[in-house]
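Keep in mind that the numbers below use all heavy atoms, side chains included, and drop hydrogens, waters and symmetry copies. Predicted model, so just to flag it, every value in this text is computed and none were measured.
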Amino acid sequence: MKTWECSAGTFCGFEEDGCIQLMGIRYAKSRRYDRPVPYVYPDGVHACVHPAPLGIQLSAAVEHMLYGVDYEAFAQEEECQYLSITLPKDVRAQERLPVMVWVHGGSYRNGGCDSPIYNRIPLVKENRVIVVALSYRLGALGFVRDREGGFGNCGLLDIIEGLRWVARNIGAFGGDPDKVTLFGQSAGADAVRCVMLAHGTEHLYRRAILQSDPMGAMVGRRKMEQWVLDKLCALPVDAPIEDVRAVQASIGSHVPQKGYARFLVFAPHMGVDPLPPESDVLARLAQVAPDHEVLVGYTTREAAAFLGKHRSVLALSRRALTRRVVEKVVDRASRKIFVEPAQEFAKAYARAGGRVGSYVLSWREKDCFFGACHMSDVPLLFGISGEEGQLCAMGLTKAQVLEAGVPLRRAWCEFARRGTVSNVHIDAPAQGYMFLLQFLNRREESVFS
């Protein structure tokens, strides 16, 4: 039995499909609403062979619709600061492989590092990288308050502590701590962006990939944030976890906020440790951009995932008289929440002196209402688990989806290895998708329309 010894402890895992999996390594512990504290294992070999438990959460409508996953059926734990590692089984002594750290999405209230929709093996097996996935506190426990009742960013602090674990320990597994790429989708992408903006994180990563960051829902939030904080602080700090769940569910279904911010009730608070105030964001970008390459992009039909969960919307989309109205709503919501903010961020990052690539992904729009909807890039990166015929496959088999994702996985890993992508136009008519990317510089203002 092979073991890996590092400063955090001594671990063993298991072999799966030509890779080594080490699952459920605890990187920190914490009291409720408090900062995470690094965790060090006692002496002895610790078998990391079971998926990490999820953070405390309720059901996830979009993930259930697209993937059939029911997060309430999985083990959950309040102190959910775990990470899992996937690496090639034949890593050589002294080898230093690129490290890709996945931060999962789920509207900051769902998901986990070992969710079945995130199979790290295809990335590792095809491209010889190491992939680390992080779990962090979610929802009311992660993105509302601190121990004293003020605003708190506990979940973001968890992610940063997990990155510190990677910096200290990943070399023992054959990874290069100086070649770490953060990548995340949806709220995971937004969390990666927040790590970039946070104080004192520059040394924890080299590159970042932001997939479908809902930046348009991250403005005009303070009135809603105060309302949520007041609701949660009505509970004692040590209230039973079921009471916390109940309050979170009530908050999620009764938000008085208007505008797109209401779609992301729980999220990091700007101006609260470790994040700068919104007025200082551009100055912070100027500090980090010259030394960190970034990819930022979106899919062509982001909002279709959220609108398509309503049967009435799907019915209207099938009628000639109402289809155009539905498409206008999909287009407007997609542009305001995802597309335009991503374009503006790319421009700002380029003006700050950073090397930034802006991409757009289209997939099977002609075959399905959902097409390149929000989360449609996830199966291309990780494949599909479970039964055939899931909606996220857009009518393809699991094998076809896995094959379709090869060029995208190669592009992501090439960026992690070199900070650039040689093939910036991937056209795969057989699978019905196209990926188009351009790198900007300080003088370039053009991004995809």
Does anything in [range] form a ring-ring contact (aromatic ring centres under 6.0 Å, His included)? List the pairs, not counting sequence neighbours.
{"range": "residues 215-267", "answer": "none"}
{"range": "residues 398-423", "answer": "Y359-W412, W412-F435"}
{"range": "residues 311-339", "answer": "F338-H374"}

Restricting to pairs with a member in [range], which pass side chain to side chain donor-acceptor pair (under 3.5 Å), not counting sequence neighbours?
{"range": "residues 49-59", "value": "Q57-N110"}
{"range": "residues 65-74", "value": "Y71-S115"}
{"range": "residues 135-164", "value": "S30-R137, Q81-D158, R137-D158, E161-R164"}
{"range": "residues 376-390", "value": "Q211-D377"}

Considering only heavy atoms from C-beta outward, does the side chain of [X] approach that of [Y] to under 4.5 Å?
{"X": "C413", "Y": "M100", "answer": "yes"}
{"X": "L163", "Y": "V195", "answer": "yes"}
{"X": "W165", "Y": "I160", "answer": "no"}

Is a salt bridge present between [X] and [Y], judged by a nitrogen-to-oxygen distance below 4.0 Å?
{"X": "R323", "Y": "E327", "value": "no"}
{"X": "E293", "Y": "R355", "value": "no"}
{"X": "R193", "Y": "D190", "value": "yes"}

Set of residues satisfying salt bridge (Lys or Arg N to Asp or Glu O under 4.0 Å) with respect to D17, sequence neighbours excluded: K125
For D273, salt bridge (Lys or Arg N to Asp or Glu O under 4.0 Å) partners two or more places apart: R35
Residues that Y82 engages under ring pair (Phe, Tyr, Trp, His ring centres under 6.0 Å), provided they are two or more places apart: none
Donor-acceptor side-chain pairing of E202 and H292 below 3.5 angstrom: no
Aromatic contact, F382 with W102 (centres under 6.0 Å): yes
K309: side-chain contact (heavy atoms from CB on, under 4.5 Å) partners, not counting sequence neighbours: A61, V62, M65
Flag if over 12 foreign heavy atoms under 6.0 Å of NZ, K336: no
Atom of [X], atom of [Y] and distance for their closest heavy-atom approach:
{"X": "E302", "Y": "S334", "value": "N-OG, 3.4 Å"}
{"X": "L134", "Y": "G162", "value": "CD2-CA, 3.9 Å"}
{"X": "C233", "Y": "G149", "value": "SG-O, 3.6 Å"}
{"X": "F183", "Y": "V192", "value": "C-CG2, 4.1 Å"}
{"X": "V296", "Y": "A342", "value": "CG2-CB, 4.1 Å"}
{"X": "R222", "Y": "M270", "value": "NH2-O, 3.0 Å"}

Derivation of the salt bridge (Lys or Arg N to Asp or Glu O under 4.0 Å) call for R245 and E242: CA-CA 5 Å; R245 287 180 189 267; E242 290 308 317; 3.1 Å; yes
Side chains of residues 404-411: which donor-acceptor partners sit under 3.5 Å, not counting sequence neighbours?
from	atom 1	to	atom 2	distance (Å)
R409	NE	E126	OE1	2.9
R409	NE	E126	OE2	3.4
R409	NH1	L380	O	2.7
R409	NH1	L402	O	3.4
R409	NH2	E126	OE1	3.4
R409	NH2	E126	OE2	2.8
R409	NH2	L402	O	2.7

Positive for side-chain hydrogen bond (donor to acceptor under 3.5 Å, both in side chains) with D114, one of H104, Q21, R120: R120
Geometric cation-pi criterion, R301 with F369: 6.0 Å, 45°: yes
